[in-house]
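The block underneath contains the structure these notes are about, expressed in structure tokens.
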Amino acid sequence: MKNESNLNTECRTGRSPSGHCGSAFYCSAPYDCCGQCPEKCNSACGWLEDTVSDKAQKK
């Protein structure tokens, strides 16, 4: 379950320069990180190199 605080959560990948994750926290999808989500979306985290769907296409 997502943290329901007033602030966004800690970045789980360590790639965000601020150390915070705003994208997944404010998204309605049930994921803690955009890297877990199979959908492409324009508000996905810009710090990730690949998404789940990108990795699947490369296989």
Side-chain angles (χ1 to χ4, degrees):
M1 178 181 272
K2 292 184 181 183
N3 180 359
E4 297 296 329
S5 72
N6 292 341
L7 301 174
N8 55 16
T9 60
E10 181 180 340
C11 176
R12 296 180 186 267
T13 65
R15 292 190 174 113
S16 170
S18 69
H20 296 284
C21 172
S23 298
F25 180 77
Y26 292 109
C27 179
S28 62
Y31 303 103
D32 292 328
C33 179
C34 293
Q36 300 168 314
C37 186
E39 301 296 321
K40 292 224 180 243
C41 106
N42 62 358
S43 62
C45 174
W47 306 115
L48 296 173
E49 295 169 7
D50 292 326
T51 63
V52 172
S53 58
D54 290 338
K55 290 175 186 172
Q57 290 175 1
K58 289 179 182 178
K59 288 183 179 183

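By convention here, the first residue in the shown sequence is residue 1.
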Which pair of non-hydrogen atoms, one from Y31 and one from P38, has the smallest distance, and what is that distance?
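Looking at all heavy atoms of both residues, the shortest contact is OH-CD, 3.4 Å.
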Q) Would you say the side-chain atoms of S23 pair up with the backbone N or O of S43, donor to acceptor, closer than 3.5 Å? A)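 Here the side-chain-to-backbone pair exists.
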Who pairs with C11 by side chain to side chain contact (heavy atoms under 4.5 Å, CB included), at least two apart in sequence or on another chain?
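With neighbours one apart ignored, the set is T13, S16.
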Practice task
Dump the intermediate steps for side-chain contact (heavy atoms from CB on, under 4.5 Å) on H20 and T9, then the final yes or no.
Solution key: CA-CA 6 Å; H20 296 284; T9 60; over 6 Å; no
Rounded to the nearest 0.5 Å, what's the gap from CD on E39 to SG on C27? Could you check?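 Going from the CD atom of E39 to the SG atom of C27 covers 10.0 Å.
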When rounded to the nearest 0.5 angstrom, what distance separates CG in L48 from SG in C33?
->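 Interatomic distance, L48 CG to C33 SG, rounded to 0.5 Å: 5.0 Å.
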Do S18 and W47 come within less than 4.5 Å of each other through their side chains, counting heavy atoms only?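 S18 vs W47: side chains apart.
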